[in-house]
Amino acid sequence: WKKGSKSLLYGLWKLDKKAEQAILVEGESDCHTLWFHGFNALGLPGASIWKETRDAVHLKPFQRVYVIHEPDQGGETILKWLAKSSLKEKAYIVNLEGHKDPSELHIAEPEKFKELFNKALEKAVPYTEIQAEEAQKRLRQLAKLSDLEYEQERLKEARKLGIKVATLDKLVRKKRKEIEAQAGIVIEELEPWENPVEGQEILQEIHSLIKKHMIIDEHSAVACSLW
């Protein structure tokens, strides 16, 4: 980088836009590691420097964009901006099991790097699947909250998920029913009676029917009516 340069994607001059896929990594050194092994790579100088209007256009030509997910705060930051990116439909998340990043894998297994890295690419998970799983996990957490706790969280969570509050309410109600069904608790939804009902009149009618058809003392009749 030259003095005074602004941060931007690293390696644009080497990016093969005619290829079917590209690999997005965090850091310039990982770009050099992947270039050394013949992979089409582009680097983020920092996980948080992604700028959608500036950067997404460079990855638009590719059918797949593999994103290396490092097990740290930077990796989580990338997942967060991916949620709002136009790339999310073509993004595949790569985890290098046992290694933080491509450079660490190269140091550990220089001779087998290409084989191991290709296997990691094969196991990559579509970002949309990860996003859906996380959304379902959060819905389950919200569904287990009390009504008061949920009321305190619903606006914030709707904004996070990028949906209307009414939509979130509907999804949480559905998830609560699923949880109840799994626990063997089924709460039937009943249609309310179309006309107003007077509770005292109903009790008196029940009481009269019990006295009419049963031999029972007054106290027991009242108890049965209330029950």
Side-chain angles (χ1 to χ4, degrees), residues 1-2 5-138 140-141 160-161:
W1 300 93
K2 293 181 180 180
S5 296
K6 293 183 179 180
S7 295
L8 72 162
L9 294 178
Y10 182 77
L12 287 172
W13 72 93
K14 284 183 67 70
L15 190 65
D16 181 5
K17 292 190 176 182
K18 294 181 180 179
E20 293 185 355
Q21 61 192 41
I23 301 167
L24 186 63
V25 296
E26 184 186 347
E28 298 92 326
S29 61
D30 286 332
C31 268
H32 286 278
T33 298
L34 291 177
W35 292 339
F36 177 79
H37 290 282
F39 291 97
N40 194 28
L42 200 60
L44 275 170
S48 61
I49 70 105
W50 176 268
K51 188 175 181 180
E52 181 71 15
T53 54
R54 179 195 63 198
D55 301 330
V57 64
H58 299 295
L59 293 166
K60 188 176 180 180
F62 301 102
Q63 294 180 19
R64 286 192 178 194
V65 176
Y66 290 103
V67 181
I68 306 301
H69 179 247
E70 298 187 11
D72 56 18
Q73 186 59 45
E76 295 309 305
T77 298
I78 290 176
L79 292 182
K80 285 181 180 179
W81 61 249
L82 259 179
K84 299 178 181 179
S85 173
S86 59
L87 297 178
K88 69 179 181 180
E89 298 295 333
K90 61 174 67 179
Y92 286 72
I93 307 303
V94 181
N95 287 295
L96 301 176
E97 299 172 3
H99 303 282
K100 178 180 181 291
D101 53 35
S103 295
E104 189 174 287
L105 175 60
H106 171 78
I107 292 171
E109 298 283 356
E111 301 300 323
K112 296 175 67 177
F113 178 90
K114 201 163 187 176
E115 176 189 349
L116 294 172
F117 193 77
N118 277 322
K119 285 183 179 179
L121 294 184
E122 290 173 5
K123 294 179 181 179
V125 180
Y127 173 74
T128 50
E129 287 187 14
I130 294 174
Q131 189 179 37
E133 288 176 5
E134 287 299 315
Q136 287 299 316
K137 180 180 178 181
R138 187 55 185 148
R140 190 173 183 85
Q141 292 172 339
K160 280 185 181 179
L161 294 170

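Note that these values count all heavy atoms, side chains included, but never hydrogens, waters or copies made by symmetry.
The line from OH of Tyr10 to OG of Ser29 is 9.5 Å long, rounded to the nearest 0.5 Å. Atom NZ of Lys114 is separated from atom CG of Leu34 by 11.0 Å, given to the nearest 0.5 angstrom. Interatomic distance, Lys123 NZ to Glu97 CD, rounded to the nearest 0.5 Å: 4.5 Å. Considering CD of Glu28 and NE2 of His32, their distance stands at 7.5 Å, rounded to 0.5 Å. Rounding to the nearest 0.5 angstrom, the gap separating the CG atom in Leu105 from the OG1 atom in Thr33 is 9.5 Å. For the atom pair CG (Asp30) and CZ (Phe39), the distance works out to 13.0 Å, reported to the nearest 0.5 Å.
Side-chain atoms of Tyr66 never come within 3.5 Å of backbone atoms of Ala41 as a donor-acceptor pair (strictly under, hydrogens ignored). Panel note: side chain Tyr92, backbone Glu122; no donor-acceptor pair is recorded below 3.5 Å. Side chain of Trp81 to backbone of Ser48: no donor-acceptor contact under 3.5 angstrom is found. Distance alone, capped at 3.5 Å, is enough to place a donor-acceptor pair between the Lys90 side chain and the Lys60 backbone. For Asn40 (side chain) and Asp16 (main-chain N/O), a donor-acceptor pair under 3.5 Å exists by modelled atom type.
For Pro45 against Gly43, the heavy-atom pair with the smallest separation is CD-O, 3.6 Å. Annotation for Ala56 and Leu87: closest pair O-CD2, 4.1 Å, computed over non-hydrogen atoms. For Val125 against Glu129, the heavy-atom pair with the smallest separation is CG1-OE1, 3.8 Å. Contact detail for Glu104 and Gly98: the closest heavy-atom pair is OE2-O, 3.9 Å. The minimum heavy-atom distance linking Leu12 with Leu8 is given by the pair CD1-CD1, 4.4 Å. The two residues Gly11 and Leu42 come nearest to each other via the heavy atoms C-CD1, 3.5 Å.
Within the 4.5 Å cutoff, the side chain of Ile93 has no heavy atoms near those of the Gln131 side chain. Inter-residue side-chain proximity for Tyr127 and Ile78 is flagged as unmet; no heavy-atom pair is nearer than 4.5 Å. Two residues are said to be in side-chain contact when any heavy atoms from C-beta on lie closer than 4.5 Å; Asp101 and Glu26 fail this criterion. Here the side chains of Phe62 and Leu24 are not in contact, with every heavy-atom distance at 4.5 Å or above. Here the side chains of His69 and Val67 are not in contact, with every heavy-atom distance at 4.5 Å or above. Taking the side chain as every heavy atom from C-beta outward, His37 and His106 approach each other to under 4.5 Å.
A salt bridge links Lys119 and Glu115; the closest N-O separation between the charged side-chain nitrogens and carboxylate oxygens is under 4.0 Å.
For the residue pair Glu52 and Ser86, a side-chain donor N or O sits within less than 3.5 Å of a side-chain acceptor on the partner.
Using a 30° and 60° split on the angle between ring planes, Phe113 and Phe117 fall in the parallel class, below 30°.
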